[in-house]
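Below is one structure, written out as structure tokens; comments come after it.
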Amino acid sequence: VGWWGLASLPKLNYASKKLQHVMYRGPQSVVRRWLQAPFNFDGWRIDVGNMTGRYLDQDINAEVAEGIRSAMDQTNPDAWLVAENADHSPKDLDGVGWHGTMNYNGFARPMVNWMNKEDAKLPNFSQFPVPNPQFSGAGTVSVMRAFAAGIPWRSLVACMVLLDSHDTARFKTVVGGDRKRHLSGLTALFTYPGVPSIFAGDELGLEGSWGEDSRRTINWENSDSWDTTLLAEVKTLIQIRKERDALINGGLRWIYIDEDAFGYLRESKKETIFVFISRKATTVSIDLGAYGYTVKETLYGPSQSGSTIRIRSKSAASGVWLLK
């Protein structure tokens with residue numbers, strides 16, 4: 001049996017105890033072997049994890065996920081197990097199987113449907129070349145909240161946070177090449193709970209209108225086509241994400257939502273950060289004093305001080321501020 005009828009992609013029958021031994025139960029199984037010296041893999045990504053162990057009326061997906069997780073915990077407790085679950089169901093992330101998934105439903109889809117260029121006719125997540133849906137800020141946050149609320153927190157922070165992938169249009173193409181809007185999306189990517197994930201070439205400004213079109217080769221021989229301005233901004237955001245405890249260990253509290261912008265707090269025991277994201281020109285005033293905070297330092301975006309964040313921009317804008 002081939003996956004979707006493709007003979008080169010055989011479906012494995014995980015009901016077979018021998019197969020389970022070879023794949024993850026045995027001491028030298030595939031899963032265990034590559035986590036050990038001399039390979040020392042950091043983890044496993046399971047392609048189409050939602051279809052693993054499922055065929056017709058057979059469904060042992062949870063058993064397989066828990067078996068792989070158990071083998072990894074015994075071999076290297078720090079290893080990461082992430083599944084590409086395109087048709088996410090909350091029960092797939094119950095905390096005892098996959099650590100997390102590629103967060104299409106709770107981040108990528110709502111962000112793309114909020115940020116996309118209004119007249120773009122790209123193959124969206126339904127794979128049909130029709131105009132992308134246009135979410136409001138409130139609708140976007142509602143989808144993100146619903147996804148996060150349906151799973152354990154430890155599962156949310158173990159999910160890959162992404163704006164695009166090898167199976168979708170490139171985010172730069174989605175936003176019509178609007179660098180400010182692109183940077184707003186990237187700011188959200190690096191500050192939202194989870195594991196920020198960049199599809200190779202996004203940081204250089206590669207484009208693509210759909211999955212296969214997005215898998216373009218990076219021109220390593222000539223960097224003239226690279227968006228070095230975008231690359232520098234991405235490096236700055238990466239550094240902030242790696243250094244700030246609130247972005248690593250903090251919770252998530254939404255405190256501002258309107259049609260074209262939203263803002264949230266990331267609060268940990270050590271520090272608090274406020275993040276603002278807009279998709280177009282905006283004039284807003286956000287009272288942090290109502291939550292007991294004032295700005296200590298501007299980490300990214302327009303400089304701010306005091307207890308009120310004031311944004312007056314002629315295009316999309318984003319910012320990250322350390323609070324006290």
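All of these numbers come straight from a predicted model, not from anything done at the bench.
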Within a radius of less than 6.0 Å around [atom1] of [X], do more than 12 heavy atoms belonging to other residues, nucleotides or ligands occur?
{"X": "Phe41", "atom1": "CZ", "result": "yes"}
{"X": "Asp42", "atom1": "CG", "result": "no"}
{"X": "Lys180", "atom1": "NZ", "result": "no"}

Do [X] and [Y] have side-chain heavy atoms sitting under 4.5 Å apart?
{"X": "Val234", "Y": "Ile198", "answer": "yes"}
{"X": "Met144", "Y": "Pro110", "answer": "yes"}
{"X": "Trp44", "Y": "Val31", "answer": "yes"}
{"X": "Val174", "Y": "Asp164", "answer": "no"}
{"X": "Ile309", "Y": "Val295", "answer": "yes"}
{"X": "Pro27", "Y": "His21", "answer": "yes"}
{"X": "Tyr293", "Y": "Ser307", "answer": "no"}
{"X": "Asn61", "Y": "Thr52", "answer": "yes"}

Output all residues satisfying side-chain hydrogen bond (donor to acceptor under 3.5 Å, both in side chains) with [X], sequence neighbours left out; order by chain, then residue number.
{"X": "Glu243", "answer": "Gln239"}
{"X": "Asn103", "answer": "none"}
{"X": "Asp245", "answer": "Asn249, Ser268"}

With a 3.5 Å distance limit and no angle check, can you tell me whether [X] reaches the backbone of [Y] through a side-chain donor-acceptor pair?
{"X": "Thr75", "Y": "Leu35", "answer": "no"}
{"X": "Ser184", "Y": "Ala317", "answer": "yes"}
{"X": "His99", "Y": "Ala158", "answer": "no"}
{"X": "Asn85", "Y": "Asn50", "answer": "yes"}

I'd like to know if the side chain of [X] pairs up with that of [Y] as donor and acceptor (distance under 3.5 Å, no hydrogens or angles considered).
{"X": "Ser318", "Y": "Thr187", "answer": "yes"}
{"X": "Asn13", "Y": "Gln58", "answer": "yes"}
{"X": "Thr272", "Y": "Tyr291", "answer": "no"}
{"X": "Asn116", "Y": "Gln134", "answer": "yes"}
{"X": "Tyr300", "Y": "Glu233", "answer": "yes"}
{"X": "Arg25", "Y": "Gln20", "answer": "yes"}

Looking only at heavy atoms, what is the nearest atom pair of [X] and [Y], with distance?
{"X": "Ser209", "Y": "Ala169", "value": "O-CB, 3.4 Å"}
{"X": "Gly2", "Y": "Lys11", "value": "C-CG, 4.1 Å"}
{"X": "Ile277", "Y": "Met115", "value": "CG2-CE, 3.7 Å"}
{"X": "Met102", "Y": "Glu84", "value": "SD-CG, 3.5 Å"}
{"X": "Pro193", "Y": "Val161", "value": "O-CG2, 3.4 Å"}
{"X": "Cys159", "Y": "Gly100", "value": "SG-CA, 3.9 Å"}

[Y]/[X] salt bridge by N-O under 4.0 Å criterion:
{"X": "Lys172", "Y": "Glu203", "value": "no"}
{"X": "Glu212", "Y": "Arg215", "value": "yes"}
{"X": "Asp202", "Y": "Arg170", "value": "yes"}
{"X": "Asp227", "Y": "Arg179", "value": "yes"}

My understanding is that only residues two or more places apart in sequence, or in another chain, count here; which of them pass side chain to side chain contact (heavy atoms under 4.5 Å, CB included) with Ser285?
Thr308, Arg310
Within [range] or reaching into it, pairs that qualify as ring-ring contact (aromatic ring centres under 6.0 Å, His included) - sequence neighbours excluded:
{"range": "residues 220-239", "result": "Trp220-Trp226"}
{"range": "residues 246-272", "result": "Trp114-Phe262, Trp254-Phe262, Trp254-Tyr264"}
{"range": "residues 165-194", "result": "Phe107-Tyr192, Phe171-His182"}

One pair to check against side-chain hydrogen bond (donor to acceptor under 3.5 Å, both in side chains): Tyr104 and Ser165. What are the steps and the verdict?
CA-CA 10 Å; Tyr104 283 116; Ser165 75; 2.6 Å; yes
How far apart are the C-alpha atoms of Thr140 and Asn113, what are their side-chain angles, what is the distance that settles it, and do they pass the side chain to side chain contact (heavy atoms under 4.5 Å, CB included) test?
CA-CA 8 Å; Thr140 300; Asn113 291 337; over 6 Å; no
I would like to know whether Arg279 and Glu259 meet salt bridge (charged side-chain N to carboxylate O under 4.0 Å, His left out); could you show each step before the answer?
CA-CA 9 Å; Arg279 64 177 176 178; Glu259 182 75 11; 3.5 Å; yes
Considering residues at least two apart in sequence or located in another chain, which fulfil the salt bridge (charged side-chain N to carboxylate O under 4.0 Å, His left out) criterion with [X]?
{"X": "Arg32", "result": "none"}
{"X": "Arg253", "result": "Glu267"}
{"X": "Arg216", "result": "Asp213"}
{"X": "Asp94", "result": "none"}

Using residues 147-155 as the side-chain source, report each donor-acceptor pair under 3.5 Å to any protein atom, sequence neighbours left out, with the distance given to one decimal.
none

With Glu271 as reference, evaluate Arg244, Lys324, Lys296, Arg266 under the side-chain hydrogen bond (donor to acceptor under 3.5 Å, both in side chains) test and give the passing residue.
Arg244
For Asp167 and Trp210, what are the C-alpha separation, side-chain angles and deciding distance, and is it a side chain to side chain contact (heavy atoms under 4.5 Å, CB included)?
CA-CA 7 Å; Asp167 285 328; Trp210 58 295; over 6 Å; no
Testing Leu247, Ile273, Leu252 for side chain to side chain contact (heavy atoms under 4.5 Å, CB included) with Thr191, which one passes?
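Of Leu247, Ile273, Leu252, side chain to side chain contact (heavy atoms under 4.5 Å, CB included) with Thr191 is met by Leu247 alone.
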Lys280 and Asp258: salt bridge (charged side-chain N to carboxylate O under 4.0 Å, His left out), yes or no, with the steps?
CA-CA 12 Å; Lys280 58 176 60 174; Asp258 71 12; over 6 Å; no
For side chain to side chain contact (heavy atoms under 4.5 Å, CB included), just list the numbers for Thr282 and Ser313, CA-CA rounded to whole Å, side-chain angles, deciding distance to a tenth of an Å, and then say yes or no.
CA-CA 5 Å; Thr282 188; Ser313 68; 3.7 Å; yes
